[in-house]
Amino acid sequence: MELVDVFKGSRIEKFKRGDVLYKMGESPRNIFFLVEGLVGLVVWSEAGNDHLLRLFKKNQIFGHRSFFAQEPYHASATVLEDATVFVLSKEEMRERMKGNCDLAEKLLQTLATELRRAEEKQVILTEKDVTARIAEAVVYFKDLHPTHSWTRQEIADFCGTTTATVIRTLARFVDDGLIEQRGREIIILKKDELLSQG
């Protein structure tokens, strides 16, 4: 079973860049499947700063962790690129799950994969130096969504550093001939050498 099969017949909605699909602290009412576009999971700190925790791309499900945990959303889902989304209500999902072992197995597999990725990211944040983290984030972002112009703050949030550090590090990558910068756009020139930084 593919995740998209779960959402067949559910309502489809379109969102513009900057729209918020759900807010931190709200109780889950829906589960979402991204058909097209890019969505970021963003959390606000006590100081009022926003931090990008995770990205959802085409063919990914989101909003499900809080749904199954039966707890409020710990972050907000914000549209980074215009998005088309399947929306399945809590009641519809419960109905589809009744006696459906294939669906339950697929959802558990998704949750387990996400947990592994979160653990891997934690290791990267604690063991790799900031130059290596920034290099890996740039490659990851460009692979994920090549046409999106990533902000320096988004890169900083993702790899646990400051915007100023990202700006300095990217300038060094330019000097070393690893990337080019055209405004906000980053062009990777030497991927393997970039990934060997740090």
Side-chain angles (χ1 to χ4, degrees), residues 1-122 124-125 137 140-141 144-145 148 150-151 153-160:
M1 166 180 278
E2 297 296 326
L3 276 175
V4 68
D5 296 333
V6 178
F7 290 84
K8 283 182 178 171
S10 60
R11 78 179 188 271
I12 193 161
E13 295 188 18
K14 294 187 180 293
F15 298 91
K16 294 290 186 186
R17 179 181 171 90
D19 287 347
V20 176
L21 283 80
Y22 57 79
K23 292 182 180 176
M24 182 175 160
E26 289 180 347
S27 294
R29 297 188 308 273
N30 301 299
I31 296 179
F32 306 88
F33 181 89
L34 190 57
V35 180
E36 290 289 347
L38 188 67
V39 173
L41 193 65
V42 179
V43 67
W44 278 268
S45 67
E46 290 182 8
N49 300 316
D50 59 330
H51 299 278
L52 180 66
L53 299 180
R54 195 181 316 161
L55 295 161
F56 302 109
K57 60 179 181 175
K58 181 178 177 178
N59 295 330
Q60 281 190 299
I61 186 175
F62 59 102
H64 54 291
R65 194 204 60 81
S66 295
F67 173 89
F68 291 114
Q70 297 184 23
E71 61 186 26
Y73 293 118
H74 72 289
S76 300
T78 303
V79 177
L80 301 178
E81 292 285 342
D82 291 359
T84 303
V85 181
F86 282 130
V87 182
L88 195 62
S89 72
K90 185 186 293 189
E91 294 73 22
E92 288 173 309
M93 178 56 88
R94 285 183 174 150
E95 193 60 37
R96 293 177 190 207
M97 288 183 68
K98 284 180 183 174
N100 190 337
C101 293
D102 287 344
L103 172 55
E105 184 177 355
K106 189 65 181 177
L107 292 169
L108 284 171
Q109 181 186 23
T110 300
L111 287 166
T113 300
E114 289 174 356
L115 177 59
R116 174 181 56 78
R117 286 178 181 155
E119 290 169 343
E120 288 171 350
K121 183 179 175 186
Q122 185 61 36
I124 289 168
L125 288 175
Y140 171 73
F141 282 168
L144 178 75
H145 207 291
H148 184 76
W150 298 98
T151 68
Q153 182 181 337
E154 287 168 339
I155 297 169
D157 290 344
F158 193 76
C159 43

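Values below: every heavy atom of this structure, side chains too, minus hydrogens, waters and symmetry copies. In this chain, residues are counted from 1 in sequence order. Being a predicted model, the structure only gives us computed values, none of them experimental.
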Work out which heavy atom in [X] is nearest to a heavy atom in [Y]; give both atom names and the distance.
X	Y	result
Asn30	Ser89	OD1-CA, 3.3 Å
Arg94	Phe67	CG-CZ, 4.4 Å
Lys23	Ser76	CA-OG, 3.4 Å
Pro72	Ser66	O-OG, 3.6 Å
Ile31	Gly63	CG1-O, 4.4 Å
Ser10	Leu88	CB-CD1, 3.6 Å

Roughly how far apart are [X] [atom1] and [Y] [atom2], rounded to 0.5 Å?
X	Y	atom1	atom2	result
Met93	Arg96	CE	CZ	7.5 Å
Asp19	Glu13	CG	CD	10.0 Å
Tyr140	Ile155	OH	CD1	13.0 Å
Tyr22	Ser27	OH	OG	13.0 Å
Glu91	Arg29	CD	CZ	10.5 Å
Leu34	Glu81	CG	CD	11.0 Å

Any side-chain heavy atom of [X] within less than 4.5 Å of one from [Y]?
X	Y	answer
Ile61	Phe7	yes
Leu55	Leu80	yes
Phe33	Val87	no
Arg54	Gln60	no
Val42	Met24	no
Phe158	Trp150	no
Glu26	Val20	no

Parallel, tilted or perpendicular, as decided by the 30° and 60° cut-offs, for the rings of Phe62 and Phe32: parallel
Item to complete: Go through Arg65 and Leu41 one step at a time and tell me if the side chain to side chain contact (heavy atoms under 4.5 Å, CB included) criterion holds.
Response: CA-CA 12 Å; Arg65 194 204 60 81; Leu41 193 65; over 6 Å; no
Checklist entry - Between Asp82 and Arg17, is there a salt bridge with N-O shorter than 4.0 Å? => result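 No, no charged N to carboxylate O under 4.0 Å.
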- Message: For the backbone of Pro28 and the side chain of Lys90, can you confirm whether one donor and one acceptor N or O come within less than 3.5 Å of each other?
- Response: yes
**Prompt:** Does the side chain to side chain contact (heavy atoms under 4.5 Å, CB included) test come out yes or no for Lys57 and His148, once each step is laid out?
**Reply:** CA-CA 12 Å; Lys57 60 179 181 175; His148 184 76; over 6 Å; no
